[in-house]
Protein chains: 2
Amino acid sequence: MPIENVTTAELSLSISQVAERTGLTTHALRYYERVGLMLERIGRASSSHRRYSEADVRWVTFITKLRSTAMPISRVLEYVKLARRGEETIPERLELLLIHRVSVAAQLDEMATSLAAIDFKIATYQGRTPTE
Amino acid sequence: MPIENVTTAELSLSISQVAERTGLTTHALRYYERVGLMLERIGRASSSHRRYSEADVRWVTFITKLRSTAMPISRVLEYVKLARRGEETIPERLELLLIHRVSVAAQLDEMATSLAAIDFKIATYQGRTPTE
DNA sequence: CTAGAACTTAGAGTGCGCTCGAAGTCAAAT
DNA sequence: ATTTGACTTCGAGCGCACTCTAAGTTCTAG
């Protein structure tokens, strides 16, 4: 019954706890690790069970923000690889995020436009003349 | 050499013209027709080439709004089937759209939240303390 | 001590939404 | 008359992002 994290007040979570906290499945978390999306190697308990640090959880959380704005995993991977190279790649990471930002804005815009079209249809179904 | 659309001033477009106008590929348009997404049978020229009416184009355009708000094709199909049954299914179609509307709002919300997180990161990379 | 839940790896399988290829037809231009 | 290119059908193939299975290990509760 080895106790980890004696040094700092680092919590260390099991994979299922991280799954709960992030909304991903344990399968997805293992998959992310396999394809190289994690910033650092995920710690292991003596049993070889994964132990996630707070930083790991923050990173997974950030990844989900990128993913939920339709950044492909391949792009996230580029970003991770830059991040692993250290501070010197901040300009490149910044550029990557700024480019992505444009696409997110476009997505928001398209979705808002689509919503308007759907609302228009809803209004006609509700018998309200939508232009009225 | 039978001439279609004699009655009205209906324009009739080729598949590639519709592709241009809707942003879909001709492949996707054929696929949509194949899986039953079109409201009515698409007209054919004597050559058996597809001829799209204005109403067809409007329908495809509406479909793309549903799709771009992440409505699965299976759901669009439900909607189409209702629509083909006529006016009596308007309440059901309305309900389907209202339910979808909720999901679109949630998507917009999530995307906005993710954008905020990305902007936060951008700000830190730009050396601005983001909370400042 | 034992049962059962949770974990491990490696690799195969899945669902969605197209996308592509093959083989053929047709119309317009040269 | 022939070449070019857009079209047709049908079915297979593909990329993405997981998701699941199998076989084995380990942790937890009673």
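Below, chain A is the first sequence line, B the second, and so on; all start at residue 1. As the structure is a computational prediction, the values presented were derived from the model and not from experiment.
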Next item on the list: Round to a whole Å and report the spacing from CZ of B:Arg75 to P of C:dG15.
Entry: 17 Å
Checklist line | B:Leu29 CG to D:dT8 P, straight-line distance once rounded to whole Å | finding: 10 Å
Check: Is any side-chain nitrogen or oxygen of B:Thr25 closer than 4.0 Å to OP1 or OP2 of C:dC18?
Finding: no
Notebook entry, point to check: Whole-Å distance between C:dC20 C1' and B:Arg30 CZ?
Noted result: 11 Å
Margin query: Output the rounded distance in Å from CG (B:Leu24) to P (C:dC20).
Written below: 14 Å
Margin query: Using whole Å, what does the distance between atom P of nucleotide C:dC16 and atom CG of B:Leu77 come to?
Written below: 12 Å
Checklist line | Among D:dC7, C:dC7, C:dT19, the one nearest A:Ser16 by side-chain distance | finding: C:dC7
Next item on the list: Figure out the CG/P separation between B:Leu66 and C:dC16, and round it to whole Å.
Entry: 17 Å
Notebook entry, point to check: Is A:Glu33 close to A:Arg41 at the side-chain level, that is, under 4.5 Å between some pair of heavy atoms?
Noted result: no
Notebook entry, point to check: Contact class for B:Ser74 vs. all strands (heavy atom < 4.0 Å): base, sugar-phosphate, or nothing?
Noted result: nothing
Check: Pick the nucleotide of DNA chain C nearest each of B:Ser48 and B:Met71; which residue has the one closer to the 5' end?
Finding: B:Met71
Margin query: Please confirm whether the shortest side-chain N or O distance from B:Arg50 to OP1 or OP2 of D:dT9 is below 4.0 Å.
Written below: yes
Margin query: On DNA chain D, does the nearest nucleotide to B:Ser47 precede the nearest nucleotide to A:Pro72 from the 5' side, or the other way round? Give the residue.
Written below: B:Ser47
Next item on the list: Check the side chains of B:Tyr125 and A:Arg93 for a donor-acceptor pair under 3.5 angstrom, ignoring hydrogens and angles.
Entry: yes
Item checked: Minimum-distance nucleotide (side-chain atoms of B:Arg34 versus D:dC18, C:dA27, D:dG11) -> D:dG11
Checklist line | B:Ser46 side chain near C:dC26 phosphate (N/O to OP1/OP2, under 4.0 Å) | finding: no
Check: For the residue pair A:Phe62 and A:Tyr79, does the interplanar ring angle fall in the parallel (under 30°), tilted (30 to 60°) or perpendicular (over 60°) class?
Finding: tilted
Next item on the list: Report the nucleotide, chosen from D:dT8, C:dG17, D:dC18, that has the shortest atom-to-atom distance to any side-chain atom of B:Ile15.
Entry: D:dT8
Checklist line | Donor on one side chain, acceptor on other, A:Thr69 and A:His100, under 3.5 Å | finding: yes
Checklist line | Nearest-angstrom distance from the residue atom NE2 of B:His49 to P of D:dT9 | finding: 9 Å
Next item on the list: Please check if the side chain of B:Ser53 supplies one atom and the backbone of B:Asp56 the other of a donor-acceptor pair under 3.5 Å.
Entry: yes
Next item on the list: Round to a whole Å and report the spacing from CZ of A:Arg44 to C1' of D:dC27.
Entry: 16 Å
Notebook entry, point to check: Can you find a side chain N or O atom of A:Tyr32 that sits less than 4.0 Å from OP1 or OP2 on D:dC18?
Noted result: yes
Check: When all nucleic acid strands are considered with a 4.0 Å heavy-atom cut-off, which category describes B:Thr26: base, sugar-phosphate, or nothing?
Finding: nothing
